[in-house]
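In this text, all values refer to a predicted model and were calculated from it rather than measured experimentally.
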Amino acid sequence: MSFPLLTATAALPAVGAIATAAVPAARRTAAKWLALLVSLGTLVLGAAQLVRFEPGGGRYQLTETHAWIADFGVRYELGVDGIGVAMVALTALLIPFVILAGWHDADPLETHSSRWRPTQGFFALILAVEAMVILSFEATDVFLFYILFEAMLIPMYFLIGGFGDRAHAGTDEAASTQRSYAAVKFLLYNLVGGLVMLAAVIGLYVVTGTFQLDEIAAARASGSLDMATNTERLLFLGFFFAFAVKAPLWPLHTWLPNAMGEATAPVAVLITAVVDKVGTFAMLRFCLQLFPEASKWATPAILVLALISIVYGALLAVGQRDIKRLIAYASISHFGFIILGIFAMTSQGVSGATLYMVNHGISTAALMLVAGFLISRRGSRLIADYGGVQKVAPVLAGTFLIGGLATLSLPGLAPFVSEFLVLVGAFAAYPVVGIIATVGIVLAALYVLVLYQRTMTGPVRESVQGMPDLKVRELVVVVPLIALLVFLGVYPKPLTTIVNPAVQHTMSDVQKHDPKPQVEAVK
């Protein structure tokens with residue numbers, strides 16, 4: 001019997017979460033090191049998936065199938081395609097950096113010795129989220145995916161509401177109120193989306209008699225599954241609504257700025273670079289694969305929503321006074337690009353969207369974590385409280401600049417390749433949509449460069465004089481992320497080789513072909 005690599009990759013952080021939570025209260029440092037070692041072990045297993053995955057092999061590889069709830073046809077069924085294995089690798093890569101960056105975020109507050117911030121719980125919750133996200137990228141049983149899709153909300157709720165940002169303007173009571181509001185809003189929005197999806201999951205089982213992706217795909221291919229048009233559209237809308245909330249897509253996005261603003265910087269990275277990717281990933285795996293005709297039917301409306309997300313998110317980022325909320329609105333704009341690439345339904349667009357999920361995760365992690373280091377030094381999230389930082393902390397300012405340039409998709413950095421492919425795919429199928437989407441690029445340059453100018457350049461403000469530069473632990477967090485941004489920006493082939501076969505399978509699911517260029521041949 002072969003080694004269950006997919007199960008092991010998710011089981012290690014799950015067991016690690018339990019072990020970390022069980023560390024005695026006085027052994028906070030031991031709990032941190034245990035969580036870090038578990039995350040590094042998970043990274044090794046994620047890398048092993050990449051090594052064992054064969055881009056030219058079958059669609060779903062490293063598969064595992066076990067009986068679970070036999071009476072209802074539910075199985076514990078796992079498998080990864082090129083997109084899934086890339087997302088597992090991204091998750092496993094980012095979590096060690098999240099843990100290192102949040103090394104002191106859950107320590108007891110020195111000025112409030114009577115208050116206890118449960119360090120063990122903080123790191124255990126991070127590992128629990130990692131386990132559920134990884135398993136959701138591996139699940140090929142729709143019901144199993146739904147359970148994980150909903151379950152990951154619980155540890156995220158406690159991470160947002162219980163471990164908020166210490167750089168909050170106002171009293172401790174006001175900070176606690178804002179954290180609670182952000183956590184409840186996050187939970188309610190996503191629970192509503194999940195309940196709608198549950199109805200669609202039940203409906204899918206009634207229509208198909210199974211929860212297994214491969215069986216539904218085989219039935220479609222053989223013609224034995226004849227789903228009524230209206231039924232398919234209703235089921236598609238149920239799934240898509242839940243994924244659009246998670247992604248998040250305008251107008252279902254409003255929970256994200258609150259959640260990212262009130263969470264610690266590492267938890268904010270966990271939200272937008274890891275958890276939210278489950279929404280866009282699921283659009284590819286479930287919406288396009290299960291409901292190809294309904295996906296094409298809904299494409300015009302979804303493209304309009306994606307364009308609004310791109311422009312709206314960027315415009316609000318330009319006007320932000322809070323550093324973390326600016327990055328949150330920038331992420332809304334970037335998710336608009338990802339969804340645009342998915343529903344352009346061209347090979348360039350879908351490939352670009354997949355790369356965008358990976359590259360956005362790395363670039364947002366780099367920018368948000370450096371921003372977190374900056375905020376922890378000054379104790380404020382307001383842009384107006386900074387100025388001249390590059391003169392007192394040049395390394396911090398330099399890494400902040402590189403993270404920002406990656407966010408605006410500067411050529412030579414990884415997100416540029418993704419954004420370029422998305423726009424090429426959009427132009428090929430919907431020229432007007434592609435033209436409007438380019439507005440987001442211009443606005444991105446504006447909000448990133450203005451942010452850098454106001455915080456890092458100019459006279460040194462009295463409040464930042466003596467600000468220390470990045471320390472060794474912080475450099476260990478930031479430097480590898482920047483190196484990856486440069487490497488994948490210059491040489492994206494390792495990533496495209498893995499994801500492109502899965503992209504072609506997706507194109508085959510929706511029976512779409514790339515449009516031919518509408519250009520006359522040169523005579």
Side-chain angles (χ1 to χ4, degrees), residues 6-7 9-18 20-21 35 38-39 42 46 76 78 80 84 87-95 98-99 102 121-163 182-198 201 239 241-248 252 255-256 258-260 263-264 266-286 331 335 357 361 364-365:
L6 300 190
T7 294
T9 308
L12 179 58
V15 173
I18 297 171
T20 301
V38 168
S39 68
T42 306
Y76 175 81
L78 307 180
V80 287
M87 298 310 299
V88 169
L90 172 68
T91 304
L93 171 71
L94 292 181
I95 297 302
V98 167
I99 290 173
F122 179 75
F123 293 102
L125 289 169
I126 291 174
L127 291 176
V129 172
E130 179 182 25
M132 294 176 190
V133 170
I134 287 176
L135 205 56
S136 69
F137 290 138
E138 298 172 343
T140 56
D141 181 283
V142 178
F143 189 82
L144 174 61
F145 173 83
Y146 171 76
I147 295 296
L148 298 164
F149 186 83
E150 290 290 86
M152 69 180 69
L153 301 179
I154 304 305
M156 285 305 308
Y157 168 80
F158 288 110
L159 283 170
I160 297 168
F163 302 91
V184 170
K185 189 173 184 179
F186 161 82
L187 187 64
L188 288 179
Y189 266 67
N190 284 275
L191 279 178
V192 170
L195 289 173
V196 174
M197 181 183 170
L198 176 60
V201 168
F239 278 80
F241 179 82
F243 303 152
V245 173
K246 183 86 78 178
L252 306 170
W255 62 267
L256 182 66
N258 295 103
M260 289 184 65
T264 64
V267 173
V269 170
L270 197 63
I271 295 169
T272 191
V274 177
V275 172
D276 287 356
K277 296 301 188 300
V278 176
T280 48
F281 167 82
M283 291 179 189
L284 284 166
R285 172 163 284 189
F286 297 101
S331 290
F335 276 105
M357 287 191 282
T364 299

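- Of all the heavy atoms in A92 and T42, the pair that sits closest is CB-O, 3.9 Å.
- A distance of 4.5 Å separates OG1 of T272 from CZ of F335, quoted to the nearest 0.5 Å.
- Taking 4.5 Å as the limit, every side-chain heavy atom of V192 sits out of range of all side-chain heavy atoms of V245.
- Shown here for F163 and F158, the closest heavy-atom pair between the two residues is CD1-O, 3.6 Å.
- Applying the ring pair (Phe, Tyr, Trp, His ring centres under 6.0 Å) criterion to F137, with sequence neighbours excluded, gives F281.
- By the neighbour-count criterion of 12 heavy atoms within 6.0 Å, atom OH of Y76 is densely surrounded, having more than that number from other residues, nucleotides or ligands.
- Using a 4.5 Å cut-off on side-chain heavy atoms (C-beta onward), Y146 and L198 make contact.
- Taking CG of L135 as the start and OG1 of T91 as the end, the distance is 11.5 Å to the nearest 0.5 Å.
- Using bins of under 30°, 30° to 60° and over 60° for the plane-to-plane angle, the ring pair F243/F286 lands in the tilted bin.
- Between L144 and L78 there is a side-chain heavy-atom pair separated by less than 4.5 Å.
- The shortest distance between side-chain heavy atoms of I95 and I99 falls below 4.5 Å.
- Shown here for G194 and A242, the closest heavy-atom pair between the two residues is N-CB, 4.4 Å.
- Between T9 and E138 the shortest side-chain heavy-atom distance falls below 4.5 Å.
- The minimum heavy-atom distance linking L94 with A273 is given by the pair CD1-CB, 3.8 Å.
- The structure places CD1 of I134 at 11.5 Å from OG1 of T7, a figure rounded to the nearest 0.5 Å.
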Verdict with reasoning, Y189 to L256, per side-chain contact (heavy atoms from CB on, under 4.5 Å): CA-CA 10 Å; Y189 266 67; L256 182 66; over 6 Å; no
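- Between I126 and T20, every side-chain heavy-atom pair lies at or beyond the 4.5 Å cut-off.
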Trace of the side-chain contact (heavy atoms from CB on, under 4.5 Å) decision for T140 with F145: CA-CA 7 Å; T140 56; F145 173 83; over 6 Å; no
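- Side-chain contact between S136 and F149: absent, with no pair of heavy atoms (C-beta onward) separated by less than 4.5 Å.
- When side chains are defined from C-beta on, I271 counts as touching D276, because their heavy atoms get closer than 4.5 Å.
- Scanning all heavy atoms of the two residues, the minimum distance from G279 to K246 falls at N-CG, 3.7 Å.
- Shortest non-hydrogen contact noted between K277 and M357 is CE-O, 3.0 Å.
- A distance of 8.0 Å separates CG of N190 from CD of E150, quoted to the nearest 0.5 Å.
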Could you walk me through whether E130 and V133 pass side-chain contact (heavy atoms from CB on, under 4.5 Å), step by step? CA-CA 5 Å; E130 179 182 25; V133 170; 6.0 Å; no
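- One finds the CD1 atom of I18 at 10.5 Å from the CG atom of L127 (value rounded to the nearest 0.5 Å).
- Rounded to the nearest 0.5 angstrom, W255 CH2 and L187 CG are separated by 11.5 Å.
- Side chain of R285 to backbone of A139: a donor-acceptor contact under 3.5 angstrom is found.
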